[in-house]
Amino acid sequence: MVASASLYEKIGGGPAVREVVDAFYTDVLGDTDLKPYFDGIDMARLKRHMVVLLCSVLGGPEGYRGRELGEAHKNLGISDEHYAKVGDKLVTALRDHNAGEDVVQHVTTVLNQVRPSIVEKTG
Ligand code: HEM
């Protein structure tokens, strides 16, 4: 029996993930609640790290080399509300790029798993 394609292959591999991440950060930076977090941040580097992270979450060959997520978001004071907004934007970007529901489901599960490492403020 042939092994089923990974979610990474189903979405279209690295190039598709890059398009999703580009659209995602355009949306995030266009949100006045979220934009201030990214003032002075090297967005090219952040995008690179996010692309690799998302690729590996989907089963791609890339290995994440950025900081551990808790460390990267430490002292940013991210609230539950802002986390939810960012998560929704990622899911929207995936859907806009015709990611299947299996990809969306998996990413949503991972977003719930990493939430405690990133959120520092409730409410
Ligand atoms: C939703 C899940 C999230 C994931 C998977 C994620 C992923 C990442 C990754 C991979 C990095 C790069 C780490 C590095 O360069 O070593 C990063 C950095 C960053 N993230 Fe997130 N992030 C998430 C949510 C958020 C939210 C909700 C905010 C703000 C509202 C945010 C703001 C930032 C900022 C400002 C940085 C740069 C920090 C720095 O370089 O000092 N992230 N994130």
Side-chain angles (χ1 to χ4, degrees):
M1 200 173 108
V2 179
S4 61
S6 69
L7 297 175
Y8 173 79
E9 286 161 42
K10 282 172 111 171
I11 196 174
V17 172
R18 256 191 298 281
E19 281 182 27
V20 168
V21 168
D22 268 339
F24 164 66
Y25 281 117
T26 300
D27 193 9
V28 167
L29 294 181
D31 185 310
T32 48
D33 286 342
L34 302 175
K35 189 171 186 312
Y37 287 99
F38 299 89
D39 282 351
I41 297 296
D42 177 348
M43 290 307 294
R45 176 176 172 277
L46 176 49
K47 273 189 197 177
R48 271 200 313 278
H49 284 166
M50 187 62 147
V51 167
V52 173
L53 179 63
L54 191 50
C55 284
S56 60
V57 161
L58 296 175
E62 296 88 348
Y64 178 62
R65 287 159 160 265
R67 282 165 295 167
E68 192 271 313
L69 289 182
E71 188 57 36
H73 299 87
K74 203 171 162 194
N75 301 326
L76 290 178
I78 294 171
S79 63
D80 260 330
E81 188 200 347
H82 289 168
Y83 186 83
K85 266 191 151 185
V86 168
D88 284 351
K89 288 184 187 305
L90 185 56
V91 167
T92 299
L94 286 165
R95 289 219 166 97
D96 285 351
H97 287 78
N98 303 315
E101 277 312 296
D102 44 0
V103 169
V104 170
Q105 282 291 324
H106 181 65
V107 169
T108 304
T109 301
V110 173
L111 283 172
N112 283 325
Q113 285 167 352
V114 301
R115 180 198 313 261
S117 318
I118 293 177
V119 169
E120 292 183 322
K121 284 197 303 197
T122 47

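Both counts, for ligands and for their atoms, begin at 1 and track the order of listing.
- Under a 4.0 Å heavy-atom criterion, V114 is not in contact with ligand 1.
- L34 is not listed as a side-chain neighbour of L29, based on a closest heavy-atom distance of 4.5 Å or more.
- Between K121 and D80 there is no salt bridge, since none of the side-chain N atoms of the basic residue sits less than 4.0 Å from a carboxylate O of the acidic one.
- One distance of note links CG of L76 with CD of E120; it measures 6.5 Å at 0.5 Å rounding.
- Nearest protein heavy-atom contact of atom 3 (C) of ligand 1 is I118 CD1, 3.6 Å.
- Closest protein heavy atom to atom 12 (C) of ligand 1: L46 CD1, 3.5 Å.
- Within ligand 1, counting atoms from 1 as listed, the ones closer than 4.0 Å to a heavy atom of A72 are 13 (C), 38 (C).
- Atoms of ligand 1 found under 4.0 Å from any heavy atom of L53, numbered from 1 in the order shown, are 5 (C), 10 (C).
- At least one N/O-N/O distance between R67 and ligand 1 falls below 3.5 Å.
- Scanning all protein heavy atoms for the shortest distance to atom 27 (C) of ligand 1 gives V86 CG2, 3.4 Å.
- Counting only heavy atoms from C-beta outward, the side chains of M43 and L46 approach each other to under 4.5 Å.
- Of all atoms in ligand 1, numbered sequentially from 1 with element shown, those under 4.0 Å from a heavy atom of Y64 are 10 (C), 13 (C).
- A 4.5 Å side-chain heavy-atom check between E62 and L53 finds every atom pair outside the cut-off.
- Between V57, L76, V28, it is L76 that holds the heavy atom closest to atom 34 (C) of ligand 1.
- Of the protein's non-hydrogen atoms, I41 CD1, 3.8 Å is the one closest to atom 37 (C) of ligand 1.
- At a 3.5 angstrom cut-off on N or O pairs, H49 counts as close to ligand 1.
- Residues V57 and Y8 have side chains not in contact (no heavy-atom distance under 4.5 Å, counting atoms from C-beta outward).
- Residues H49 and R67 are not in side-chain contact: their nearest non-hydrogen atoms beyond the backbone lie 4.5 Å or more apart.
- When hydrogens are left out, the protein atom nearest atom 28 (C) of ligand 1 is I78 CD1, 3.3 Å; that is the closest non-hydrogen contact.
- Relative to atom 5 (C) of ligand 1, the option among R45, M50, E81 with the closest non-hydrogen atom is M50.
- On a distance-only criterion, Y83 and ligand 1 share no N/O pair closer than 3.5 Å.
- Of all the heavy atoms of L69, the ones lying under 4.0 Å from any atom of ligand 1 belong exclusively to the side chain.
- Applying the 4.0 Å criterion to heavy atoms of G66 picks out, from ligand 1, the atoms 16 (O).
- Looking at K35 and D39, a side-chain N of the basic residue comes within less than 4.0 Å of a carboxylate O on the acidic one, giving a salt bridge.
- Between L7 and V107, every side-chain heavy-atom pair lies at or beyond the 4.5 Å cut-off.
- The CG atom of D27 sits 10.0 Å away from atom CG of L90, with the distance rounded to the nearest 0.5 Å.
- K85 does not count as a contact of ligand 1, since none of its heavy atoms falls under 4.0 Å from the ligand.
- Among protein heavy atoms, the minimum distance from atom 35 (C) of ligand 1 is reached at Y37 O, 3.2 Å.
- Taking all atoms of both residues into account, the shortest heavy-atom contact from S56 to Y64 is OG-CB, 4.4 Å.
- The CG atom of L111 sits 8.0 Å away from the CD1 atom of I118 when rounded to the nearest 0.5 Å.
- Under a 4.0 Å criterion applied to the non-hydrogen atoms of L111, ligand 1 contributes the atoms 1 (C), 2 (C).
- Regarding atom 25 (C) of ligand 1, its nearest protein heavy-atom neighbour is H73 NE2, 3.7 Å.
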